[in-house]
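Have a look at the structure below, then the notes.
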2 protein chains.
Amino acid sequence: MGVTIKDIAKAAGVSYSTVSKALLNSPLVKEPTKKKIIAIAKELNYQPNAAARRLASKKSNTIGVVWPTIERVTLSALITKINEQLEAASYTTLLSINPVETAVTIFNQFQVDAILVFDDNNKSEYTSSSSVPVVSYGLSDPNSPYPIIDVNRKQAIHLAVEYLYQQGHRKISYIGNVKGIDRLQEEKVDSFQKSVSDLGIDTFANAVISVDSLDQYDGYLAAKNILHSEHIPTAIICGSQDLARGIIRATQELNVSIPEDISIISYDNIPQREDLIIPLSTVGVPLDTISEHVAKTLIDVINKEEISNTITLEPELKITNSCRTIKE
Amino acid sequence: MGVTIKDIAKAAGVSYSTVSKALLNSPLVKEPTKKKIIAIAKELNYQPNAAARRLASKKSNTIGVVWPTIERVTLSALITKINEQLEAASYTTLLSINPVETAVTIFNQFQVDAILVFDDNNKSEYTSSSSVPVVSYGLSDPNSPYPIIDVNRKQAIHLAVEYLYQQGHRKISYIGNVKGIDRLQEEKVDSFQKSVSDLGIDTFANAVISVDSLDQYDGYLAAKNILHSEHIPTAIICGSQDLARGIIRATQELNVSIPEDISIISYDNIPQREDLIIPLSTVGVPLDTISEHVAKTLIDVINKEEISNTITLEPELKITNSCRTIKE
DNA sequence: TTGAAAGCGTTACCAT
DNA sequence: ATGGTAACGCTTTCAA
C-alpha cells in the first residue's frame with residue numbers, strides 16, 4: 001500500500017502538484033510530461049486515495065444507494081442498470097443494506113455526492129436530516145422533502161384493460177391481489193377494478209384472484225384454479241412476470257392455448273426473460289426508462305438543477321402474440 | 001452541511017483537539033468536559049467526516065463487500081447476517097455490485113480495512129493486486145493468496161445418504177443435477193454418487209435427476225416425473241430448499257404422504273422458511289456459522305492474526321419428521 | 001487534564 | 001508549463 005503522488009513526483013522528477021494536474025488530465029500540463037507521469041503512475045500501480053481526494057476537492061464522485069432487505073431481488077436488475085449509467089457519468093456506486101436511517105447516516109459521513117433510497121414504505125421522515133441530497137425511488141408523496149421517482153401503476157393496468165376491451169374481451173381476470181398489505185399491489189388491483197367498471201364490463205366470479213406472493217408457483221396455482229372453474233376468462237392480466245410464467249405453465253399442462261383460448265398481459269418493469277415459450281405482452285415502464293430517470297435525477301440533484309419533486313413515469317404497452325382479438 | 005469539530009470547540013470553549021479526544025471517548029478527557037462536548041455535538045447534529053478521519057487515522061472501520069450478479073438472492077440472507085455481525089464489532093459494511101476487479105479497485109481507493117469477495121468462479125487472479133486484505137467466500141483453492149471460506153458440500157450430501165441408509169432406505173434419489181456447468185452443484189452430485197456406491201446401494205433409473213435450475217418449479221416438475229414413473233424412491237435428497245418446496249407441492253397434488261410414502265432431506269445453508277407445511281430435514285452449514293466465520297476472518301485479517309488459508313465449514317444434519325425409518 | 005501543532009494525500013490557487 | 005503552498009477535517013504526539 002501507499003504509493004502517493006509524491007512518490008510519482010520523485011520518480012518523474014517533477015513537483016507533486018504537477019503530478020496531480022497530470023493525473024486529473026489538466027490542460028495545464030504538457031502532453032509529453034503528462035504521458036510520462038501517467039506511465040509512471042501505472043507502473044507503480046498508483047491508486048488515488050479517495051479520502052484525501054474528497055477532503056481536498058469536496059467531491060467524492062460517489063453515490064450511495066440504500067438498499068434495504070425488502071425487494072432485494074426485484075430491484076437487483078434496476079440497481080445494476082443504474083450502476084452502469086452512473087458509471088458512464090463517472091460516478092461510483094456504493095450500496096448499504098442497513099436500515100434507511102443508518103445507511104443515510106453512513107453515507108453522510110462518507111460525504112457521498114448524493115443518496116438514492118429505495119423505499120417502498122415512505123419513510124421520508126427518517127431521511128430528512130441528511131445534508132447530502134437524497135433521491136428516492138418508491139411511492140410518490142407530494143409532501144416529500146426530496147424528489148421521488150414513481151411508476152404510474154394505475155395507468156399501466158388501465159392501459160392493459162382498455163387494450164383488451166378494445167380487442168373484444170369482456171371476461172378479464174386480474175391475478176395478483178397479494179394477501180396482506182402491499183400498497184404497490186393494491187394500487188394495481190384498484191385500478192383494475194375501476195377500469196373494468198368504467199368500461200361497464202360485467203364483473204364475474206374470477207375477476208380478481210388473490211395470491212400469496214408474486215412467485216411463479218402462485219401464478220401456476222391461481223391459473224389452475226381458474227381454468228378448472230366454470231368462469232374462465234378470455235384474458236388474464238397479472239401483476240408480475242413470475243406470475244405470468246406460472247400461468248403459462250398451467251395453461252400448457254391443461255392444454256389451453258395462448259392466445260387462442262386465453263390472452264395474457266403481464267405487468268412488469270423488468271425486461272422479459274428470454275426463456276418463455278410464448279413471448280409475453282406486457283405493460284410497465286421499461287427498466288431503461290426508470291434507470292435513466294433515476295440516474296439523471298441524481299446527477300441533476302448533485303448539480304443543483306431545478307427538479308420537480310415528484311416524477312411519475314408513464315408505462316408502455318407492449319403487445320405480442322400472447323393476446324388475440326375476439327370477433328363477434 | 002459542515003459542522004466540524006472546530007465549531008464544537010468554539011461552542012464548548014475548548015480546543016478542537018480536546019473535542020476530538022472527547023468524541024473518541026478518550027480517557028484523557030475529564031468526564032464533565034466530555035459530557036458537555038458530546039451534548040453540543042449532538043445538538044449541532046455533528047457528523048464526523050469519514051474522509052478526514054480515515055486520512056488521519058489510517059483506519060476506516062469499513063469493510064467492502066463485492067456482491068456478485070449471480071446468486072444475489074441466495075446470498076442475501078448471508079450478507080445481512082454478516083453485516084449485523086460486523087456492525088456489532090463496530091465495522092460499517094459497504095457493498096459494490098461491480099465486477100470483482102472494479103470493485104476491488106474502488107475499495108482500495110476508499111481504503112477500506114478489508115474486502116469480502118463472494119466468488120463462485122474462483123477469480124483469484126483478479127484480486128491479487130489488492131493492497132487491502134481480501135477474504136473470499138467461495139470454492140476453496142489451496143493456491144489462493146488470501147483466505148477462502150468454503151462449505152463442505154460433499155460431506156453434507158454424504159451425511160444425508162448415510163443417515164437415510166441407516167434408516168433402512170435403499171432407493172434414494174438425488175434431485176438437483178443442474179444442467180450446465182456449476183461446480184457447486186457438481187460437487188454435491190458427485191458426492192451423492194460416491195456415497196451411494198460406497199454403501200453398495202443399487203443404482204436405479206431415478207437415482208440422479210437433472211433440473212434446469214434450483215427453483216421451486218424445477219423441483220415440482222422433477223418430483224412429478226419421478227412419482228409418475230415405475231421407479232419411485234423411498235427417499236429424496238435435493239439440492240436446495242426451493243427444490244424441496246416444489247417437491248412437497250408435487251407430493252401433495254399426487255396424494256403422496258411425507259414421510260409415510262417418501263422421505264425427504266434438503267441441502268441448504270439458509271434457515272428454513274416458516275411457511276412449509278412439513279418441516280424439512282436439512283443438511284448444511286447453518287447460516288449463523290457461516291456468517292460468524294466470515295466476520296471473524298475479516299476481523300482477524302484486519303488485525304493481522306495468523307489465519308489458515310482455507311477454512312472449510314462442516315455441515316450439520318437436522319432431522320425432522322420429513323424422514324421415516326423403514327423396517328423390514 | 002487540556003492545548004498546540006504536525007501530518008495524512010490530495011486539490012486548487014497563486015507564483016514563477 | 002511547472003512549482004510552491006494553503007487548505008480540507010481529523011487524529012495523534014508532544015508540550016504545557
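Order of the sequence lines sets the chain letters (A, B, ...), proteins ahead of strands, with each chain counted from 1.
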Would you give a per-nucleotide map of nucleotides 10-16 of chain C, 5' to 3', where B means the base has a protein non-hydrogen atom under 4.0 Å away, S means only the sugar-phosphate does, and - means neither? BBBB---
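The terminal axes of the helix from C:dT1-D:dA16 to C:dT16-D:dA1, fitted over 5 pairs per end, subtend an angle of 40° to the nearest 10°.
Between the CZ atom of B:Phe110 and the C1' atom of C:dG9 there is a distance of 15 Å, given to the nearest Å. Per the geometry, NZ belonging to B:Lys10 stands 20 Å off P belonging to C:dT2, to the nearest Å. Rounded to whole Å, the distance from NZ on B:Lys58 to P on D:dT13 is 14 Å.
Counted by atom type alone, A:Ser17 and A:Ser20 present zero donor-acceptor pairs between their side chains at under 3.5 Å. For the residue pair A:Asn83 and B:Asn98, a side-chain donor N or O sits within less than 3.5 Å of a side-chain acceptor on the partner. Between B:Ser60 and B:Asp113, the side chains place a donor N or O and an acceptor N or O closer than 3.5 Å (distance only, hydrogens not considered).
Near DNA chain D, meaning a heavy atom under 4.0 Å away, the residues from residues 29-41 of chain A are A:Val29, A:Lys30, A:Thr33.
Taking 4.5 Å as the limit, some side-chain heavy atom of B:Ile97 sits within range of a side-chain heavy atom of A:Thr80. Side-chain contact check for B:Val66 versus B:Leu116: every heavy-atom pair is 4.5 Å or farther apart. By the 4.5 Å heavy-atom criterion applied to side chains, A:Val3 and A:Gln47 are not counted as neighbours.
Of the listed residues (B:Asn108, B:Val301, B:Ile63), just one forms a side chain to side chain contact (heavy atoms under 4.5 Å, CB included) with B:Ile115, and that residue is B:Asn108.
Between the side chain of A:Asn269 and the backbone N or O of A:Gly284 there is no donor-acceptor pair closer than 3.5 Å.
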For B:Phe118 and B:Val65, run side chain to side chain contact (heavy atoms under 4.5 Å, CB included): C-alpha distance rounded to whole Å, both residues' side-chain angles, the deciding distance at 0.1 Å, then the answer. CA-CA 8 Å; B:Phe118 285 100; B:Val65 176; 3.6 Å; yes
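A close approach under 4.0 Å does occur between a side-chain nitrogen or oxygen of A:Ser15 and OP1 or OP2 of D:dG3.
Rounding to the nearest 0.5 Å places CG of A:Leu95 at 12.0 Å from OG1 of B:Thr93.
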